[in-house]
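Values below: all heavy atoms of this structure, side chains included; hydrogens, waters and symmetry mates excluded. In this text the structure is predicted, and so the values were computed from the model without any measurement.
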Amino acid sequence: MSIPSQKVSSSNKLIYQRLKQAIDLNLRRQIFIAACDDLCLRDCLAARLQAELVAESAGSNPRSPIDYPRFVSLELDLSDPNPWASIAAWLTQHPPPQNRGSYSRLPGFQIIGAEHLTRHSASVQWSFLSYLRDIEAHLQLCESTLLLWVSRPWLSSIEQSAPEFWHWRTGVFEFEGEPTPAKGDFGHSKDLRNCQDNGDSGGQLVISFLSGQSPIPDSPSPIPDSPSLIPDSPSPIPDSPSPAPDSKSVELADLVLAATSQELEAENNAASEDNFLPLQTLQYIELLQEHQCCCEALALAYHSLGNYYRDRILGGDASEQNLTIAIGAIEQVIAYLELDANSQQNQPPTEECARLIAQLTQNLTQYAPESNSLPPISDLLNDLGTLYWMLSRDRTNGLNASESLSCLERSIALYLEGLNRTDAESAPQTRVRLNKNLGIASADLARYRDKTENLQQAVAAYQQALQDLDPAVEPQQYAAAQNNLATAYWNLAQDGEPIVYLKSAIVAYTQALSCYSPEREPLNYAGVQNNLGTAYWNLAQHEPSEPLLITAIEAYREALKYRTRELVPAAAAATYNNLGTAYWHLANHFQQKQARTESLQQAITAYEAALDIAGEIDRTQLTFDTLAARNNLGLAHYQLATDPDFALNKPAQTSHLEAALHHQLQVCTEWGQHLKDKGLTYGDKLNLQAPANSQAADSRQTALSYIVKTIRAFYSECGLPGQNLALSKVPGDLLPEILRKL
């Protein structure tokens with residue numbers, strides 16, 4: 001089986017290593033599911049897995065019957081998708097040797113090709129799920145390992161429709177990657193994570209959030225929501241001295257033991273090597289403390305523990321538990337280093353201590369610091385700040401608003417402390433990382449309090465980071481910093497001096513674009529183009545100008561070349577919505593009939609595209625208000641229909657009035673349903689005092705007023721028959737209110 005060439009991200013490498021380690025345990029009845037939407041990546045990983053497992057088997061057992069493989073890849077038979085039959089057929093064609101001695105276990109099997117079932121009938125798809133549900137009848141075929149490769153939509157289907165197979169699973173490994181646009185296969189799309197592996201070594205936690213999309217003001221009417229910024233790391237050091245390391249070591253050990261116990265229980269006590277790594281580290285820490293080893297040795301051990309949980313977090317498991325343990329471990333590292341620095345006796349480690357350190361490094365190679373050296377204190381402070389920032393942002397961890405704000409403030413203080421610990425001799429990358437993170441965290445804090453002050457601190461931090469960045473050497477980091485700087489300016493413009501700040505935002509967005517290649521980073525490039533369009537549109541609201549709106553439209557259209565509905569539907573819908581609003585405003589600038597009409601028609605086309613895409617995806621993925629977009633679409637139709645120059649074309653005029661009424665009725669109905677879902681009536685003044693309910697009631701009344709205007713336009717342009725036509729389209733429950741207003 002040839003191994004296809006495919007670049008694998010650091011997070012996917014980590015997931016692959018865990019999958020391979022799990023298979024390497026060679027336990028009985030291991031049922032693994034691997035989910036991967038990128039078929040090229042899937043083929044690469046599957047081929048590599050088989051090649052490495054077979055090679056290792058041959059290397060470790062040179063006298064074993066090599067012709068009987070340890071791991072076999074099978075293609076799912078799409079005409080009869082029975083994985084058990086495929087395994088049985090292979091075993092029939094390749095009977096195991098008569099005398100295999102200690103090598104009596106059946107080979108492991110990986111099944112690929114399930115994603116192609118979407119091109120077949122529903123009955124074939126259901127038969128596949130039915131075969132999976134029948135797992136208990138075929139467990140004798142799974143004495144070793146079964147690995148089933150599926151796409152994410154199939155992963156969800158198996159969980160819901162094949163619970164018997166799902167119950168027997170040993171583990172699920174989800175790889176990151178955009179879905180392959182296979183002919184007829186799922187067009188499923190997932191959001192990209194805003195983090196990248198920047199290749200730093202030494203076990204340092206560096207979560208660099210590329211803000212190619214983070215500051216994108218994707219909202220509908222008028223255009224942008226205030227964009228959100230994403231930091232790299234934040235958290236302050238308390239004013240009081242750190243508690244003695246031993247006083248926190250017991251608490252941290254209890255957290256690790258509890259986490260490991262929960263994992264073993266969740267996996268039905270199927271212990272793996274990965275489960276034991278943190279426990280091994282705790283044992284080394286206990287031995288180091290028992291032998292009263294030097295502070296540096298204990299710092300090394302805690303750093304390896306922190307690296308273990310850091311890697312889990314980078315792999316996507318950023319639970320409160322993992323974040324808390326990683327934070328505790330790094331705090332212990334810093335505390336021991338501080339004790340070591342303040343110690344009057346810097347004696348070399350004892351012979352026993354040196355032996356333990358060597359053993360720790362050898363047994364925990366993946367997580368132990370290289371060359372028994374620790375990163376600079378400023379890097380550790382950066383890492384700790386990032387973890388606190390992540391904790392402040394996680395809305396699933398049960399923290400209340402006050403606790404989240406405290407974590408955010410702590411992260412900012414840690415960044416500032418890290419910058420205080422750097423000097424001219426420090427690596428520029430350390431200062432860049434700290435300043436970028438400080439900027440992002442400060443922008444986050446601006447959402448809660450002292451908006452202008454915190455945004456100005458964010459601007460200053462980004463500007464400092466840019467001084468240490470060479471766009472020719474690090475174009476991506478430079479572009480990301482410029483993008484975040486521009487977004488901070490954009491937010492400042494919402495509160496004061498809009499023209500000055502918006503022009504600064506445009507300059508920064510333009511600088512970011514100069515470093516993003518649409519061929520290499522199409523989504524980042526498109527995200528900045530969208531941001532640039534929004535900045536120009538916003539500036540046109542303060543300096544009315546056709547050229548500014550035309551430039552905004554050009555930026556949106558450039559973004560849509562890469563923000564396609566197939567690749568990133570939610571982002572594409574948001575940009576189409578922005579494009580529609582820009583065209584709508586441009587139409588109001590034109591006096592010439594043809595130019596005004598063309599702009600309104602372009603606005604209608606863009607709004608329809610936005611709503612069409614929005615109707616195909618989960619509403620929670622959207623970053624703009626679809627009701628506002630529909631309302632704007634109705635307004636554009638109404639304007640075309642009531643334009644004096646359009647009156648001569650009665651059929652087209654009537655068509656636009658009908659379209660305007662259709663969208664306005666939909667908006668009114670949805671707001672009315674929202675109030676009904678709350679158990680409110682339209683005249684229930686007491687319950688409408690709540691801000692959200694009051695807004696819904698006001699929005700419904702606004703939609704009603706548009707409906708009345710459109711019905712009057714029917715009468716004005718088409719007479720009584722036109723009014724009757726309009727009233728015939730109004731639902732019965734709305735007629736009394738509308739007739740009263742008429």
Side-chain angles (χ1 to χ4, degrees), residues 195 198 200 202-211 229-242 299 303 306 310 326-327 330-331 333-335 337-338 341-342 374-393 405-446 448-450 452-470 473-474 477-478 480-485 487-489 508:
C195 64
N198 63 5
D200 284 357
Q204 303 169 21
L205 172 59
V206 183
I207 307 177
S208 178
F209 294 85
L210 290 181
S211 318
L229 289 171
I230 304 181
D232 267 1
S233 28
S235 156
I237 292 187
D239 294 332
S240 57
S242 298
H303 193 250
R310 171 212 63 187
I327 286 171
I330 295 181
E331 286 179 338
V333 175
I334 294 173
L337 288 180
E338 295 287 357
N342 296 329
L374 290 161
I377 191 72
S378 55
D379 284 343
L380 291 168
L381 291 167
N382 177 72
D383 297 353
L384 189 56
T386 299
L387 293 165
Y388 271 109
W389 173 80
M390 294 179 75
L391 198 56
S392 78
R393 275 228 161 184
L405 183 60
S406 177
C407 287
L408 181 58
E409 291 171 334
R410 183 161 173 74
S411 74
I412 290 173
L414 280 168
Y415 288 139
L416 291 170
E417 179 68 15
L419 287 168
N420 289 335
R421 299 289 191 101
T422 62
D423 51 35
E425 302 300 321
S426 301
Q429 279 302 319
T430 297
R431 292 194 300 273
V432 167
R433 198 154 45 234
L434 285 162
N435 274 310
K436 282 176 59 182
N437 292 347
L438 176 61
I440 294 172
S442 298
D444 253 11
L445 187 59
Y448 298 96
R449 65 161 190 242
D450 303 328
T452 300
E453 179 184 340
N454 283 305
L455 285 174
Q456 287 173 342
Q457 177 169 286
V459 166
Y462 289 133
Q463 289 173 335
Q464 286 294 322
L466 287 165
Q467 289 181 13
D468 285 315
L469 282 170
D470 184 347
V473 177
E474 298 167 302
Q477 285 205 50
Y478 184 85
Q482 287 283 10
N483 187 51
N484 277 0
L485 173 63
T487 299
Y489 279 131

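- Residues S442 and L445 form no side-chain contact, since every pair of their non-hydrogen atoms from C-beta on lies 4.5 Å or further apart.
- Taking the side-chain hydrogen bond (donor to acceptor under 3.5 Å, both in side chains) definition, one finds that T422 meets it with nothing, sequence neighbours left out.
- Scanning both residues, V333 and A299, for their nearest heavy atoms gives CG2-O, 3.5 Å.
- Side chains of Q457 and I412 form a contact here, defined as non-hydrogen atoms less than 4.5 Å apart.
- Side-chain contact between V432 and Q477 is present, with heavy atoms from C-beta onward closer than 4.5 Å.
- Of all heavy-atom pairs between S392 and L408, the closest is CB-N, 3.7 Å.
- Atom CD1 of residue I327 and atom CE of residue M390 lie 9.5 Å apart, to the nearest 0.5 angstrom.
- Heavy atoms only, all atoms of each residue included: E331 and Y388 are closest at OE2-OH, 2.8 Å.
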Between L466 and Y478, does a side chain to side chain contact (heavy atoms under 4.5 Å, CB included) hold up when you go through it step by step?
CA-CA 7 Å; L466 287 165; Y478 184 85; 3.6 Å; yes
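- Counting heavy atoms from C-beta outward, N382 and T430 have side chains that stay 4.5 Å or more apart.
- The two residues N454 and R449 make their nearest non-hydrogen contact at ND2-O, 2.9 Å.
- For the residue pair Y489 and Q463, the shortest heavy atom distance occurs at OH-NE2, 3.0 Å.
- Expressed to the nearest 0.5 Å, how far CG of D383 lies from CZ of R310 amounts to 8.0 Å.
- A salt bridge does not link R433 to E474: none of the charged nitrogens lies less than 4.0 Å from a carboxylate oxygen.
- The side-chain hydrogen bond (donor to acceptor under 3.5 Å, both in side chains) search around D468 returns R431, not counting sequence neighbours.
- Minimum heavy-atom separation, R421 to S378: CB-CB, 4.4 Å.
- Between Q429 and L469 there is a side-chain heavy-atom pair separated by less than 4.5 Å.
- Under the side-chain hydrogen bond (donor to acceptor under 3.5 Å, both in side chains) criterion, Q467 pairs with no residue, sequence neighbours left out.
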With side chain to side chain contact (heavy atoms under 4.5 Å, CB included) as the test, would you mind laying out the steps for D444 and W389 before giving the verdict?
CA-CA 9 Å; D444 253 11; W389 173 80; 3.1 Å; yes
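- One distance of note links CG of L381 with CD1 of I334; it measures 4.5 Å at 0.5 Å rounding.
- Side-chain contact check for L380 versus H303: some heavy-atom pair is nearer than 4.5 Å.
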